[in-house]
A.B. asks: 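Submitted below is the structure of interest, expressed as structure tokens.
We number each residue from 1, following the sequence as shown.
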Amino acid sequence: MTTLIVVGVIVIVLIAVGVYLWATYRSLVTLKGNVDAAWSDISAQLQRRADLIPTIVDTVKGHASHEQKVLDSVTSARAETLRATDATEASEAEGHMQKALRGVFSVAEGYPKLQSSQDFLRLQSELVDTEDRIQVARRHYNGGVRELNTKIKVFPTSSFAKGRGFSQAAFFESAEPSAIAEPPRVQF
């Protein structure tokens, strides 16, 4: 009878460990899926902004063609953003993009005709909307990354996660936090 109780306890413990491991794996997969989906949202918003940049550059170029250095910096930052394949690269590109956009809109302040252009005003509005969307997507992504990374760091999940190929995700943040502390000011 004692052997039967010991075997019963061992079976119950093995079932409990199995359920825990299954639930842990399932939660890690869910968190990883949430982070991937949030990154997809960021990518879509970065692409939306990148598609808007050439139109902004062309509009500014029409009014301030001799400001080529500023326009080139925006074009270069756009290309860097499009080349980014992960959060770390995108974070670095984001800092450069924010600086470049600030430069363009600083230049635009010196051209009253440009500031009153309906096309430029529409582009400003679209850019503000896109920047707001990027901020929301960034917060959502970083929240998911925080949850995933916390789950991966906590024992006993940490040893299980490493054995199953789960690793910490990178936050989407700038090496220069001041560059993304607020979207570029585009209202005149």
Side-chain angles (χ1 to χ4, degrees), residues 5-53 73-102 126-186:
I5 293 175
V6 171
V7 169
V9 169
I10 291 173
V11 168
I12 290 173
V13 168
L14 288 176
I15 289 173
V17 169
V19 167
Y20 171 78
L21 293 176
W22 173 78
T24 299
Y25 180 77
R26 184 175 161 91
S27 69
L28 287 170
V29 169
T30 300
L31 289 173
K32 178 71 171 126
N34 291 345
V35 167
D36 291 344
W39 180 251
S40 178
D41 290 345
I42 288 176
S43 294
Q45 296 310 318
L46 292 176
Q47 182 65 50
R48 181 175 190 246
R49 181 179 59 194
D51 292 344
L52 185 61
I53 296 297
S73 71
V74 172
T75 303
S76 174
R78 176 185 183 269
E80 184 180 3
T81 298
L82 292 174
R83 282 192 309 269
T85 58
D86 61 20
T88 304
E89 291 175 6
S91 294
E92 187 173 330
E94 183 66 10
H96 297 148
M97 176 61 79
Q98 293 299 321
K99 281 183 179 179
L101 286 173
R102 282 191 179 94
E126 285 183 42
L127 183 61
V128 167
D129 180 51
T130 301
E131 292 295 333
D132 288 344
R133 290 179 185 197
I134 290 170
Q135 291 292 347
V136 168
R138 176 186 287 120
R139 281 192 297 274
H140 181 75
Y141 172 79
N142 284 341
V145 167
R146 184 182 60 249
E147 282 184 60
L148 176 65
N149 290 352
T150 300
K151 182 108 178 165
I152 288 173
K153 287 178 188 176
V154 175
F155 182 80
T157 306
S158 58
S159 56
F160 176 75
K162 289 176 187 171
R164 297 290 178 244
F166 290 96
S167 60
Q168 293 186 33
F171 286 98
F172 182 39
E173 55 194 4
S174 177
E176 301 174 42
S178 63
I180 61 170
E182 62 180 74
R185 294 194 183 272
V186 294

A.B. asks: List the steps, then state whether side chain to side chain contact (heavy atoms under 4.5 Å, CB included) holds for Glu147 with Thr150.
C.D. replies: CA-CA 5 Å; Glu147 282 184 60; Thr150 300; 5.9 Å; no

A.B. asks: A side-chain contact here means heavy atoms from C-beta on lying under 4.5 Å apart; do Leu127 and Leu101 qualify?
C.D. replies: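 Side-chain contact under 4.5 Å: yes.
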
A.B. asks: Any side-chain heavy-atom pair from Lys32 and Leu28 closer than 4.5 angstrom?
C.D. replies: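 No; the side chains remain at least 4.5 Å from each other.
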
A.B. asks: Check Tyr20 against Pro156 and note the closest heavy-atom contact, atom names and distance.
C.D. replies: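 The pair with the smallest heavy-atom distance is OH-CG, 3.2 Å.
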
A.B. asks: Under a 3.5 Å threshold, yes or no: a donor from one side chain and an acceptor from the other, between Arg49 and Thr130?
C.D. replies: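 Note: Arg49 and Thr130 side chains miss the donor-acceptor criterion.
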
A.B. asks: Does a side-chain heavy-atom distance below 4.5 Å link Met97 with Ile53?
C.D. replies: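 A side-chain contact under 4.5 Å exists here.
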
A.B. asks: Does some side-chain heavy atom of Arg78 sit less than 4.5 Å from a side-chain heavy atom of Thr75?
C.D. replies: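 A side-chain contact is absent here, since even the closest heavy-atom pair is not under 4.5 Å.
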
A.B. asks: Within the 4.5 Å heavy-atom criterion, are Gln45 and Val136 side-chain neighbours or not?
C.D. replies: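 No. Closest side-chain heavy atoms not under 4.5 Å.
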
A.B. asks: Just by distance, with hydrogens left out, do Glu131 and Gln135 show a side-chain donor and acceptor under 3.5 Å apart?
C.D. replies: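 No, no side-chain donor-acceptor pair sits under 3.5 Å.
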
A.B. asks: Might you point out which heavy atoms bring Ala87 and Phe171 nearest each other, and give the distance in Å?
C.D. replies: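 What the structure gives for the nearest pair is CB-O, 3.8 Å.
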
A.B. asks: Would you name the heavy atoms of Lys153 and Ser158 that are closest together and state the gap between them?
C.D. replies: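 Lys153 and Ser158 have their closest heavy atoms at O-CB, 3.8 Å.
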
A.B. asks: Which atom names give the shortest non-hydrogen contact between Ala169 and Asn149, and what distance separates them?
C.D. replies: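 Heavy atoms of Ala169 and Asn149 come nearest at N-OD1, 2.8 Å.
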
A.B. asks: State, with a plain yes or no, whether a side-chain heavy atom of Leu21 is found less than 4.5 Å away from one of Tyr25.
C.D. replies: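 No. Closest side-chain heavy atoms not under 4.5 Å.
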
A.B. asks: Indicate the atoms forming the closest heavy-atom contact of His140 with Ala38, along with that distance.
C.D. replies: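 For His140 and Ala38, the tightest heavy-atom pair comes out as CD2-CB, 3.4 Å.
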
A.B. asks: Measure across Ser167 and Leu148 and return the closest heavy-atom pair with its distance rounded to 0.1 Å.
C.D. replies: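 Heavy-atom minimum between the residues: O-CD2, 4.3 Å.
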
A.B. asks: State the OH-CG distance between Tyr141 and Asp36, to the nearest 0.5 angstrom.
C.D. replies: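 Reported value, rounded in 0.5 Å steps: 8.0 Å.
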
A.B. asks: Would you give the length of the straight line joining atom NE2 of His96 to atom NZ of Lys99, rounded to the nearest 0.5 angstrom?
C.D. replies: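 The NZ atom of Lys99 is 6.5 Å from NE2 of His96, to the nearest 0.5 Å.
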
A.B. asks: Are Gln47 and Asp51 close enough that a side-chain donor and a side-chain acceptor fall under 3.5 Å?
C.D. replies: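 Yes, because at least one side-chain N or O of Gln47 sits under 3.5 Å from a partner of the opposite role on Asp51.
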
A.B. asks: In Å and rounded to the nearest 0.5 Å, what is the CD1 to CD1 distance from Ile10 to Ile15?
C.D. replies: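 Nearest 0.5 Å value for the CD1-CD1 distance: 12.0 Å.
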
A.B. asks: Measure the spacing between CZ of Arg48 and OG of Ser43 and express it to the nearest 0.5 Å.
C.D. replies: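 Nearest 0.5 Å value for the CZ-OG distance: 15.0 Å.
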
A.B. asks: Roughly how far, to the nearest 0.5 Å, is the CD atom of Glu92 from the CG atom of Asp86?
C.D. replies: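 Reported value, rounded in 0.5 Å steps: 10.5 Å.
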
A.B. asks: With Phe166 as reference, evaluate Leu31, Thr157, Thr24, Ile152 under the side-chain contact (heavy atoms from CB on, under 4.5 Å) test and give the passing residue.
C.D. replies: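 Among Leu31, Thr157, Thr24, Ile152, the one that satisfies the side-chain contact (heavy atoms from CB on, under 4.5 Å) with Phe166 is Ile152.
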
A.B. asks: For Arg26, is there any backbone N or O sitting under 3.5 Å from a side-chain donor or acceptor partner on Thr30?
C.D. replies: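 Checked: pair present.
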
